[in-house]
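Taking it in order: structure first as structure tokens, then the write-up.
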Amino acid sequence: MITTHIIKDISFDKDSMSLIIDGKLIKVALDRISSKLKAANDFQRQFFKVSPSGYGILWPLIDEDLSVEALIKTAL
């Protein structure tokens with residue numbers, strides 16, 4: 001069964017990504033989840049699409065796709 005999520009916000013600082021998932025703030029270190037996101041510039045990071053179910057997030061400019069479940073499990 002696929003769990004659905006509501007993603008309200010995604011923001012970045014130099015070494016991490018913060019997301020509001022299902023009303024909770026989640027912060028993950030970029031080097032733990034994606035070398036592509038860590039190397040990406042601000043424009044590439046801000047150009048993302050959330051799947052309609054909230055199952056995944058796609059960054060098409062860097063060809064990166066991450067599952068929300070994996071992000072939650074990797075949270076700091």
Side-chain angles (χ1 to χ4, degrees):
M1 183 167 127
I2 296 175
T3 304
T4 60
H5 297 284
I6 298 171
I7 291 92
K8 290 286 187 182
D9 187 37
I10 300 175
S11 61
F12 293 88
D13 61 28
K14 181 181 177 189
D15 297 316
S16 65
M17 176 172 61
S18 298
L19 308 92
I20 298 177
I21 302 172
D22 302 329
K24 297 178 185 175
L25 177 63
I26 304 293
K27 187 171 184 174
V28 292
L30 292 175
D31 59 357
R32 292 183 67 198
I33 60 163
S34 171
S35 59
K36 290 180 181 181
L37 275 174
K38 185 166 176 80
N41 63 41
D42 289 337
F43 180 76
Q44 292 168 320
R45 289 178 178 177
Q46 294 304 320
F47 189 76
F48 60 86
K49 297 177 183 181
V50 177
S51 67
S53 67
Y55 175 76
I57 306 167
L58 169 66
W59 286 267
L61 297 178
I62 59 170
D63 191 30
E64 184 66 291
D65 190 11
L66 301 175
S67 82
V68 174
E69 286 295 317
L71 294 172
I72 292 169
K73 289 178 184 175
T74 311
L76 302 172

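All figures in this text were calculated on a predicted structure; none of them were measured in a lab. All values below were derived from every heavy atom in this structure, side-chain atoms included, with hydrogens, water molecules and symmetry-related copies excluded. When a residue number appears, it is its place in the shown sequence, counting from 1.
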Which atom pairs, one a donor and one an acceptor, fall under 3.5 Å between side chains of residues 62-69 and the rest of the protein, sequence neighbours left out?
from, atom 1, to, atom 2, distance (Å)
E64, OE2, S34, OG, 2.5
S67, OG, A70, N, 3.0
E69, OE2, H5, NE2, 2.5

How long is the straight-line distance from [atom2] of [Y] back to [atom1] of [X], given to the nearest 0.5 Å?
X	Y	atom1	atom2	value
D22	T4	CG	OG1	7.5 Å
M17	R45	CE	CZ	9.5 Å
D42	Q44	CG	CD	9.5 Å
I26	L71	CD1	CG	9.0 Å
S11	I20	OG	CD1	8.0 Å

Mind running side chain to side chain contact (heavy atoms under 4.5 Å, CB included) on S18 and L25 for me, showing each step along the way?
CA-CA 7 Å; S18 298; L25 177 63; 4.1 Å; yes
Do you reckon I72 sits in the same ILVMFWY cluster as L37, going by side-chain contacts under 4.5 Å, direct or chained?
yes
Let me check something: do V50 and I33 share a hydrophobic cluster, defined by ILVMFWY side-chain heavy atoms less than 4.5 Å apart, either directly or through other members?
yes
Using a cut-off of 6.0 Å, state whether more than 12 heavy atoms not belonging to I6 lie near its atom CD1.
no
Through direct or indirect side-chain contacts below 4.5 angstrom among Ile, Leu, Val, Met, Phe, Trp and Tyr, which residues connect to F43?
F47, L61
Parallel, tilted or perpendicular: which one describes the rings of W59 and F48, with boundaries at 30° and 60°?
tilted
Sort and list the pairs that fulfil salt bridge (charged side-chain N to carboxylate O under 4.0 Å, His left out) and have at least one residue in residues 7-21, not counting sequence neighbours.
D13-K27, D15-K38
